[in-house]
Amino acid sequence: MSESLIALVPDRLLPLSEAEKRMLESATKGEPAICGQNDLDDDPENAPGNSENWLPSRTIRADILEWLCTTDIASKVSRQGIHIYAAKISGILKFAYTPISYPLRFQRCVFTHDISFKNARIPSLILDGSWTRTILADGVDVANNVLLIAGFHSFGQVLFRDAKIGGNFRTDGASFEYASGTTFDLQSENSLGCDRMNVSGSVFLSKAEKPARSTFKGEVGLAGAFIGSNLECDGGTFHNQGKIAIRADRIKVIGAVYLRNQFSCKGAVRFLNAQMDVFDCSSGTFDGDGKIALIAQDATITKLANFNGAVFQSGDAQFRGLTTGDVTFRGTKLTLLDLRYATIRRALLLKRIVDPQQSSWDFRNASAGSVDDDQKSWPNPGSLFVDGFSYEGFGNAVTDSQDDPDNCPRDLKSRLVWVTLDTRNPTHAYKQLASVYSKVGDTLNSRETLYALESLLHRLRIGEEPWAIFKLAQWAWSQWLRLTIGYGYKLSRSFWWLLLFSTLGYAVSCIGYRDRVITPTDKDAYTYFTQHGQAPDYYPRFSPFVFTIEHSVPAINFGISNNWSADSVAQISAHPCYASSIRNGLLAQRLLGWILSIFFIAGITGLVKSDK
């Protein structure tokens, strides 16, 4: 049958090279066409980088391949397909819009010109260890795997936009280098372009093992792609300095996205509006374009976003509007961490941050189940933004920090320091902290937090007052509220003031009664009292304790104050001023009692609390 294939070659394609004859002979047998002396990968003679020294006998023309795959002759090819080893493919290979019924494998081959698989249909496509220029495979339908692996190298662009892959798409151990000036009108600057590609299995762009690590020079496009399992870029090197290195906006990954294990990128990484189950960037290096290192704005991550040990530099880590389960930054190096409007259903972990003084955290209007951090990792004052940030508590929601020696501070003193790192003085941050303490039943710390908020607001109002006289009045009013009722959050202070005044009042009442300055209010009883030194038997007896209570707390009246009062005329002539001092002291006691009672009620009702 092999002789018949060679015999069927049209005259326009004659004469045939030795490699072409071997290909035709092997095509019907399902065997590899070995175009060199052997099929040893470690033989330098089979290295694509040495192809300039290959003899013309190892050349297969693109026209021969097109004739074999696109004409009726294709029915004579074995179901195992075409497998070519270490040949030079010359000319533009045009398989566009072609249904090919058997697999194609080019192993350690060199393509001198561009290749087109645009809108073709192929059972599988393997270019392991081969060197190519541009591959245009937009819209290609591959029933099984696409393997560009094991030393595959392209210089140009490799495009699988809108492609459909029934198995896996692998480029591990490959290198892609963008170059312009191709045969086709590509309107792209991708080294690898897979926008809107639909892959039923996984996409392996790189693996962590050294032989399987890949290099990409130029943008990698995955925008709008669908991946039925995982996207793995472990150990890969992506380089597009000052530009976008990976563009994966609106990608949907059913499994996990891995950019970890010495993943390295120079240029921005974009996952805007992406969807995935897990986003693992542990130990990855993101060297941005000067503005953005990694952006996953409005992305949805079902379970975990892991950035432990990652390095973000020359740009921000932007996760505005992110929705996820847990987010962890342990041992991470950050510049700006933007989590504005993010929704973190469980824990936000930030521990052992590298050079935290060089970082800035923006959590405005975000929400988290819990915040798990350590004080050594906090940024400098002015570099934390927590206005509108809501959370349920502190510590890891899953492990409660038991697996981490850097325990999360929960005490009020530390958390007030944390809140004040936001030098814009957001009132919501204090109220949120108070709410957290209140939910766990820590009423004391909750009120202390609100007291700190009121103290802050009073200081701000004093500072905003332009006139000195009004500033002084504002300061006096603030000090009065602070000392008497603690801005409405330390009402016990009014009790202690009342106790102090009542103690003094008790002493004054005892002295006043002894020296007949406090006398009956009834005329007859008064006369009897001045003559005998005591009230008549029918008259209510004087009690200095009750008398003091009635003067200190205006709402209490047992009748003693109605029947006894400080006489306007001193009964001891040797001390005319003594009686006046007692009367003034009792008057001051009553006045202060009224004032403290009023402010006590105002504190309970919240009338003296700030409206901000």
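Not measured: the values here are computed from a predicted model.
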Sidechain N-carboxylate O distance under 4.0 Å for Arg161, Asp138:
yes
Salt bridge flag under 4.0 Å for residues Asp338 and Arg320:
yes
What's the spacing between Phe169 CZ and Leu222 CG if we round to 0.5 Å?
8.5 Å
Output for pair (Leu192 CG, Ser175 OG), nearest 0.5 Å, gives 11.5 Å
Side-chain H-bond candidate by donor/acceptor type, Ser383 with Asn380, under 3.5 Å:
no
Of all heavy-atom pairs between [X] and [Y], which one has the smallest distance, and what is that distance?
| X | Y | value |
| --- | --- | --- |
| Phe363 | Phe389 | O-CB, 3.3 Å |
| Asp280 | Arg260 | OD2-NH1, 3.5 Å |
| Ser191 | Phe216 | OG-CB, 4.1 Å |
| Ser214 | Gly173 | OG-N, 3.0 Å |
| Val386 | Asp422 | N-OD2, 2.9 Å |
| Asp373 | Lys351 | O-CE, 3.6 Å |

Identify, with sequence neighbours excluded, every residue that meets side-chain hydrogen bond (donor to acceptor under 3.5 Å, both in side chains) alongside His239.
none
Centres of the [X] and [Y] rings: under 6.0 Å?
| X | Y | value |
| --- | --- | --- |
| Tyr258 | Phe263 | no |
| Phe155 | Tyr178 | no |
| Phe319 | Phe307 | yes |

Got a donor-acceptor contact below 3.5 angstrom from the [X] side chain to the [Y] backbone?
| X | Y | answer |
| --- | --- | --- |
| Asp289 | Lys291 | yes |
| Asp355 | Gln357 | no |
| Asn230 | Glu232 | no |
| Thr328 | Arg330 | no |

Residues in salt bridge (charged side-chain N to carboxylate O under 4.0 Å, His left out) with Lys252, at least two apart?
none
Take atom [atom1] in [X]; do more than 12 heavy atoms of anything else shown fall under 6.0 Å from it?
| X | atom1 | result |
| --- | --- | --- |
| Arg61 | CZ | yes |
| Phe226 | CZ | yes |
| Gln432 | CD | yes |

Indicate every side-chain donor-acceptor pair of residues 108-116 with a distance under 3.5 Å to a residue at least two apart or in another chain.
{"unit_1": "Arg108", "atom_1": "NE", "unit_2": "Asn46", "atom_2": "O", "d": "3.2"}
{"unit_1": "Arg108", "atom_1": "NH2", "unit_2": "Asp41", "atom_2": "O", "d": "3.3"}
{"unit_1": "Thr112", "atom_1": "OG1", "unit_2": "Ile89", "atom_2": "O", "d": "3.2"}
{"unit_1": "Thr112", "atom_1": "OG1", "unit_2": "Gly91", "atom_2": "N", "d": "3.4"}
{"unit_1": "His113", "atom_1": "ND1", "unit_2": "Gly91", "atom_2": "N", "d": "3.2"}
{"unit_1": "Asp114", "atom_1": "OD1", "unit_2": "Thr134", "atom_2": "N", "d": "3.2"}
{"unit_1": "Asp114", "atom_1": "OD2", "unit_2": "Thr183", "atom_2": "N", "d": "2.7"}
{"unit_1": "Asp114", "atom_1": "OD2", "unit_2": "Thr183", "atom_2": "OG1", "d": "2.8"}

Stepwise ring-ring contact (aromatic ring centres under 6.0 Å, His included) check, Phe176 with Phe152
CA-CA 8 Å; Phe176 296 78; Phe152 171 88; 5.4 Å; yes
Evaluate the ring-ring contact (aromatic ring centres under 6.0 Å, His included) criterion for residues Phe106 and Tyr85: first the C-alpha distance (whole Å), next the side-chain angles of each, then the deciding distance (0.1 Å), finally the verdict.
CA-CA 6 Å; Phe106 299 91; Tyr85 184 89; over 10 Å; no
